[in-house]
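Contents: one structure, followed by commentary.
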Amino acid sequence: MRFGVLGPVVAYGLGGAVELGPARQRTVLAVLLAEPQAPVTSEQLVDRVWGDRPPQRARLTLHSYLSRLRGVLAASGGPAVVRRAGGYLLDVEPSTVDLHCFRDLVTAARAADDATAMGLWRDALALWRGTPFDDVDSDWLQAISASLELERWAMILDRNDALLRSGHHTTVLAELAAAMDDHPLDERLAGQFMLALYSGGRQADALAHYRSLRQRLVEEVGSEPSPALRELHRQILRQEPQIAVTTTSEQRTAQTVTGPVIAAPSQLPADVPGFTARDVELATLTRLAAEVPAAPLATIVGPGGVGKTALAVHWGHAHRAGFPGGQLYVNLRGFDEREPVTPWEALGRLLMALGWRRDAVPDDVDAAAELFRASTADRGVLVILDNAGSAEQVRPLLPGSGCFTIVTSRDRLTGLVALNDARPVRVGALGGEAATELLSRILGPERVAADPQATERLAGLCGQLPLALRIAAAHIVGDPDVAIGDYVDELERRDRLDVLLIDGDPTAAVAANLDLSYRTLTAHARDLYCRIGALPGEDFSQDLLTAVSGLSEEDTSQALRYLVAGHLVEQHRSRRYRMHDLVRLHAARSARRDLPEPDRDALITGFIEWHHDRAYLPIEDEESNVFLACEALRDHPKLWRLVVPLRNTLNEWRSVARVREFLDVAGRLAEQHGDGPGLFRMTAMTASALRSEGDSTAAVEVGTRAVALAGDLSDREKVTAHGNLGIFLFDHGDFIGSAKAFAEAVGRAAASGNTRSQLIFVSSLIQVLVRLGRIEEAEKYLRDAEALRADALTSEEQHVRLWLSAAEIQVFRGEFDAAMNAADTALAIAREGSYGHLDMWCMQVRAQIQLHAGRPEPARRAFEEELADARDRNMHSFEPEILRDLAEVLVDLGEHHRARDLVAEARAKWPKIARSHEPFADLVLAGAHNGLGEFEVAAGHAQAAVDAYRTMPWPARLELALLALADAHAGLGDTEAAQRSRAEADQLATVINRPRRERFRKLRPDRLSRR
């Protein structure tokens, strides 16, 4: 299979073009094609596919697209989408993707002689069908598209050089003329055009084009043509017979500046002793410096105390030889106790360092900036502008062409990136090994080796921040009697910000360093900074911060941009923010000082209510934060409202014991404060927790208690209590009691206008009624529910439930094609809306329809796909049931050993098997052991299943259990017992089981009792 992204995203298999599905699904494929064989995490995929506009359940939607892509590619003989190294990758050869073919051809052409390169250029250009990724909507892909357009343009310019060197000036002239219309200020293209004109005998036209270009550059850009273009102009004026094509490397030849005595200063501060790590950042600076003049400006940005100045100065010392024009340095004091250095003051210092007298420096900033650019142009000067406060402070200080500038700042300086093509080098805290290495260099390796655990704890308490590490190390090294562990104990016992400072040196204090950043914030940004510091949790969504900020959405976004730009807050994922540990401590301290107590109390209340209001949404992004918040607020009287969102955690069988702990605490608090709704909710969730543990007996007992507690509450709580009890009774195998509880919930919901709960519990009630064989009753409830479809309160999620309910009834009636259509419709809605658990339910129903219709092979594939999805999405609670269902299919296919093993695997994954699930495991094992000829073991399992299904009762399953028991008796030679069991099964003879019985009758005519 071959793929194309240099235009619309396409794929071609052996049968021709492949239908890749909807636009967003093609976007997922395009992201994987951009970096084939490189794992991309789920978080990266979500960010690259949706950017800052992900859907509410982005991760679930993503997994649905990945699942469908697997099917599309597999059906066309294409590569697999595999999970590897914590991410997903497309297992495809890069050579089958036009983008990577293009790059390979360009690389080969640049290394080849001109004659060979011509064909390679043509082949590379032929791969382009339009704008890359033209038909998909992704900011990340559009950025790559823009970069690819630049690569294509650079390739065309290289090809033009080769054509001109080979004497094809007439061939390329028309194309060059057209290109000048689109790129009127491209000096390299202009040089090629002038050379083509001159080589074709049109000297006057070449000179006229130079004059026109120079005028535009002066008027629109404010600069003269480059030295290379001026040299070409001079050669054409002199009518030199042989003029070589000027290459990018030749344009970097240094020129001598005329004027007064121009010094080659060396102003760099002393290098930092024991400079540690930062290999990636150092290499990035080296690469950017090598690209001058293409990349003349780098910004080193990061939080205070992270070592930005040390990095810039260390790199400057290591590369002094590469800057013959000197090394300039000025501290702009953008974040400092003192006033910032003005651009005019900084220019005066820089020009005097170059040899200009003070009285020769113009009073006008713009004029001084022009003089500085002229004095440095093409001289190969390194300029380090340290501690910049803003882009406006920096712009006048940028030198002339051929120089390299490094700007350090706590601000992101995005204005320099946008308007001055600055290349950002972001610096964060050191990694664990690098932090230990820094401590080792200061304290001595022997001292660190003597207590490695304390050293690791020290690095963690300092947040791997170089400033904090150096302060801590200075305290320890200054007193040989202080052990590393003793200092660590002090840090853990006291406020770290009170310990991480050097008395008498305000620059050597973490808190003072952060104060400098805090004071530069706007009023809104300072207030939000304090509020974040007062909140419990690891990170925060933008929606939460907007809710608790007291600001409008727009003002909150602006305040966050200030905090991010100042590196006080990090946006580590789309619309999610976090703080460095020490910054968080400083923010909390600032909150206690600057945020009034009533505001802090209201903030926590708003925080709790925001989480409570999202209790029925997926919790994956907030789960760890809710746990941390529950721990921090475990004495809060409304703790229960913070615990309620953990219902989703229980449903996925995660951290059940930890949830139980908070349920107990919150329940006691609610009871102490006479909070009836809180006590009810915690009791109801405790029952759900018991259900998650597989203890259906206890779940029914506590669920019944919750029904009693709901008696004095609103209809909403009563509906929930009865509906939940229906679930617990279903798990317990009491189908009649379950149907009664569900009917009570549905009736109360309908009477109170609670459409959402009515539809949820109707679908559950229909499942129970179908199992009881009460089909007419189930159909009546479905008709009543379908009458609500037009109700504005119904959602797509409810439509999924109704379609699945219809499918359940249809499959019981033997209407398998209609049931499959209903299930397919439900699945399409579930995937489009990212209803994760409903998505899995739809897949389960589809697979079971195939099985009951007597089509075990499609059923096997469907269950295997469902199992893969559950594992990909970490939906562990679904695995045991899917494994058991798959085992049933394998029994029908005669794979008895594997079926038996899958049941064992399912049982191992269940904390404790609920009563309603145990007989099905027995039924599957009875079939497996019958198939293996182990009839006595099979008889035991079959009899247990028969007894259980009689009690529930579940006629369709009882029929299958009786047939399995008949098989076991027949195998044991007890013909009379086999005939009795078979006769009872024949009396039941449910329609749903007819195709399976017929299939086995044809496969095994010698064993009619088999099914």
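Using a 4.5 Å cut-off on side-chain heavy atoms (C-beta onward), Phe816 and Val811 make contact.
Taking the six-membered ring where the residue is Trp, Trp954 and Phe735 present tilted rings, their angle falling between 30° and 60°.
Between Ala822 and Gln810 the shortest heavy-atom distance is CB-OE1, 3.8 Å. Residue Val946 comes nearest to Leu962 through the heavy atom pair CG2-N, 3.8 Å, listed as atom of the first residue, atom of the second, then distance. Heavy-atom minimum distance, Ser696 versus His732: OG-ND1, 2.9 Å. The two residues Thr683 and Leu679 have their closest heavy-atom pair at OG1-O, 2.7 Å. The two atoms that bring Ala942 and Ala961 nearest to each other are CB-O, 4.1 Å, heavy atoms only. When all heavy atoms of Arg831 and Ser64 are compared, the pair lying nearest together is CG-OG, 3.6 Å.
Distance check, rounded to the nearest 0.5 Å: OG1 of Thr686 to CG of Leu663 gives 4.5 Å. Atom-to-atom distance recorded for Arg59:CZ and His63:NE2 is 6.0 Å, nearest 0.5 angstrom. To the nearest 0.5 Å, the span separating CD on Glu866 from CZ on Phe878 amounts to 8.0 Å. Note that the CG atom of Leu963 and the CD atom of Glu984 stand 10.5 Å from one another [nearest 0.5 Å]. Remark: Leu893 CG to Arg860 CZ distance equals 5.0 Å, nearest 0.5 Å. Residue Asp901 holds its CG atom at 11.5 Å from CG of Leu883, rounded to the nearest 0.5 Å.
A salt bridge links Arg884 to Glu881: one of the charged nitrogens lies within less than 4.0 Å of a carboxylate oxygen. Using a cutoff of 4.0 Å between basic side-chain nitrogens and carboxylate oxygens, Arg996 and Glu959 are not scored as salt-bridged. A salt bridge does not link Arg980 to Asp974: none of the charged side-chain nitrogens sits closer than 4.0 Å to a carboxylate oxygen. Between Arg861 and Glu865, none of the side-chain N atoms (NZ, or NE/NH1/NH2) sits under 4.0 Å from a carboxylate O, so this pair counts as no salt bridge. Residues Asp664 and Arg668 are not paired through a salt bridge, judged by the lack of any N-O separation under 4.0 Å between the basic side chain and the carboxylate.
Judged by distance alone, the side chain of Asn754 and the main-chain N or O of Arg748 form no donor-acceptor pair under 3.5 Å. No donor-acceptor distance shorter than 3.5 angstrom exists from the side chain of Asp885 to the backbone of Gln848, with no hydrogens or angles considered.
Counting non-hydrogen atoms of other residues, nucleotides and ligands closer than 6.0 Å to CZ of Arg70 gives a total above 12.
Cation-pi contact between Arg771 and Phe730: absent, since separation from the ring centre below 6.0 Å together with deviation from the ring axis within 45° is not met.
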